[in-house]
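Below is one structure; the comments refer to it alone.
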Amino acid sequence: MPKRKSPEGNALLAAGMTADAAIAAILTTGQAELVTAVRAALDRPRPDTVHALRMALQRLGAGLELCAGFAAEAPFETARRDARALSDGLGEARNWDIFISETLARRIEELAGTADIAALTEGAAAARHESYRRTGDLLAGPLPQKVLLGVALLLSQTPWREADGRMPKRLAARIDGRARREIARADRRLRGSGKRLSRLSDEERREVDRAVRQFAHALECLAPLWPRSARLKRYRDRVLGLRAELDELAIMATTQRLLEHVAADDISPGVQRAAGAMTGWAARDKIDRLAALDARWRDFRNAKRFW
């Protein structure tokens, strides 16, 4: 998996600003990124643009969750739910992209002489083509515009303020304290959900993976509130390390499902042997990854909290 570049955070956020201003900054940044990503994916729905759109949607979802915590109100839930629905809808195409360009590509040399990966790749390519057809339909449908409109309405109507436009005391307060509370709350939830992490089912672990991913995006967003903080960087590195291991295990679970899909569509001996060989390698790799996950979890659990 490619190494993630350390993010710069939301450039519109700064320590000392009000919670109200922070909400507007998060929504403005999310809207700008989303508009760019939607246009690119609509223009050319391909692996890089679809992935960029999913990342924009996930960052937006994390930002909306933060906004809800800052405002102690729920006007952000519809936009957050729509963003998640669109991101999930794009997930299948992304799964096939990873399966072909990363998972199968890594196994070509390892399984040379044992299994015909080329036959498996051919079947996967047909499935990916179909997934991109559905992705095109999704992008041409109403959901992307619904997400964009939802964010635009939040910015124009500011429903987190009082009905007469006045700003409640909690919104006039500095963002620093509220940001620390939201991060601490997310940290506690993650500590609770991550107990016995390696013993969870794939589906249960996927939910933890989603929570860690959202937390990582929240830390990225709020990073400018702690400029040049070495403690924040060390803590965030532990979160990203945990996220990387969870991502790999999620890919393994998805790989098994996609292998079953290809094998069900093509019963030729070559494809069946290749799918069986891949399943065997995945089972071995999963044992190693679960051990690595335990180590990453201990790193995160023992990390010094920066707030």
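Side chains are part of it too, since the values below use all heavy atoms of this structure and drop only hydrogens, waters and symmetry mates.
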I'd like to know if [X] pairs up with [Y] as an ion pair, taking the criterion as any Lys NZ or Arg NE/NH1/NH2 lying under 4.0 Å from an Asp or Glu carboxylate oxygen.
X	Y	result
E130	R134	yes
K286	D202	yes
D43	R39	no
E182	R185	yes
R205	E245	no

So, for [X] and [Y], which heavy atoms are closest and what is the spacing to 0.1 Å?
X	Y	answer
S87	Q58	OG-NE2, 3.6 Å
G30	L60	CA-CD1, 4.2 Å
P224	P227	O-CD, 3.2 Å
M252	A282	SD-O, 4.4 Å
A179	L225	CB-CD1, 3.5 Å
L154	A79	CD1-CB, 4.0 Å

Applying a strict under-4.5 Å side-chain criterion to I, L, V, M, F, W and Y, I'd like to know whether L149 and L143 cluster together.
no
Taking a hydrophobic cluster as the set of Ile, Leu, Val, Met, Phe, Trp and Tyr residues connected by side-chain heavy atoms closer than 4.5 Å, whether directly or through intermediates, do L153 and V147 fall within one such cluster?
no
Contact list for residues 268-277, test side chain to side chain donor-acceptor pair (under 3.5 Å), sequence neighbours left out
D266-S268
Selection residues 297-306 - residue pairs positive for side chain to side chain donor-acceptor pair (under 3.5 Å), sequence neighbours left out:
D187-R305
Could you tell me the separation between the [atom1] atom of [X] and the [atom2] atom of [Y], rounded to the nearest 0.5 Å?
X	Y	atom1	atom2	value
R178	L222	CZ	CG	13.5 Å
L120	I100	CG	CD1	9.5 Å
H261	S131	NE2	OG	9.0 Å
F99	L104	CZ	CG	4.0 Å
D82	R80	CG	CZ	10.0 Å
T49	L42	OG1	CG	9.0 Å

Quick one: do the N95 and T254 side chains pair a donor with an acceptor below 3.5 Å?
no
Tell me, with the steps shown, if L155 and Q31 meet side chain to side chain contact (heavy atoms under 4.5 Å, CB included).
CA-CA 9 Å; L155 279 166; Q31 180 188 48; 3.3 Å; yes
Donor-acceptor contact present, side-chain R170 to main-chain A71, <3.5 Å:
yes
Is it true that a side-chain atom of S198 and a backbone atom of L290 form a donor plus acceptor pair closer than 3.5 Å?
no
For atom CZ of R284, decide whether the heavy atoms of other residues, nucleotides or ligands shown that lie under 6.0 angstrom number more than 12.
yes
Got a sec: does the CD of E122 have more than 12 other heavy atoms crowding it under 6.0 Å?
no
Just to verify, which of L34, T36, T135 counts as forming a side-chain contact (heavy atoms from CB on, under 4.5 Å) with L53?
L34
Using the rule given for side chain to side chain contact (heavy atoms under 4.5 Å, CB included), can you reason through H51 versus M55, listing the C-alpha separation, both sets of side-chain angles and the distance that settles it, and then say yes or no?
CA-CA 6 Å; H51 181 54; M55 291 299 98; 3.9 Å; yes
Would T103 and L258 count as a side chain to side chain contact (heavy atoms under 4.5 Å, CB included) here? Give the steps.
CA-CA 11 Å; T103 305; L258 300 185; over 6 Å; no
In residues 11-27, what donor-acceptor pairs under 3.5 Å come from side-chain atoms, sequence neighbours left out?
unit_1 : atom_1 : unit_2 : atom_2 : d
T18    : OG1    : A21    : N      : 3.0
D20    : OD1    : W160   : NE1    : 2.8
D20    : OD1    : R161   : NE     : 2.7
D20    : OD1    : R161   : NH2    : 3.3
D20    : OD2    : R161   : NH2    : 2.8

Kindly determine whether L57 and R84 satisfy side chain to side chain contact (heavy atoms under 4.5 Å, CB included), including the steps that lead there.
CA-CA 7 Å; L57 289 162; R84 178 169 174 171; over 6 Å; no
Report yes if some heavy atom in the side chain of R59 is under 4.5 Å from a heavy atom in the side chain of C221; otherwise report no.
no
Any heavy-atom pair between the side chains of R81 and T78 that's under 4.5 Å?
yes
Given R180 and D176, is the salt bridge (charged side-chain N to carboxylate O under 4.0 Å, His left out) satisfied, shown in steps?
CA-CA 6 Å; R180 282 193 293 270; D176 309 59; 5.1 Å; no
Could you tell me which residues satisfy ring pair (Phe, Tyr, Trp, His ring centres under 6.0 Å) with W226, sequence neighbours excluded, listed by chain and number?
F306
Which residues pass the side chain to side chain donor-acceptor pair (under 3.5 Å) test with E204, sequence neighbours left out?
S201
Let me have the donor-acceptor pairs involving side chains of residues 210-218, under 3.5 Å, with sequence neighbours excluded, atom names and distances please.
unit_1 : atom_1 : unit_2 : atom_2 : d
R213   : NH2    : D209   : OD2    : 3.0

Is the distance from the ring center of Y132 to that of W96 below 6.0 Å?
no
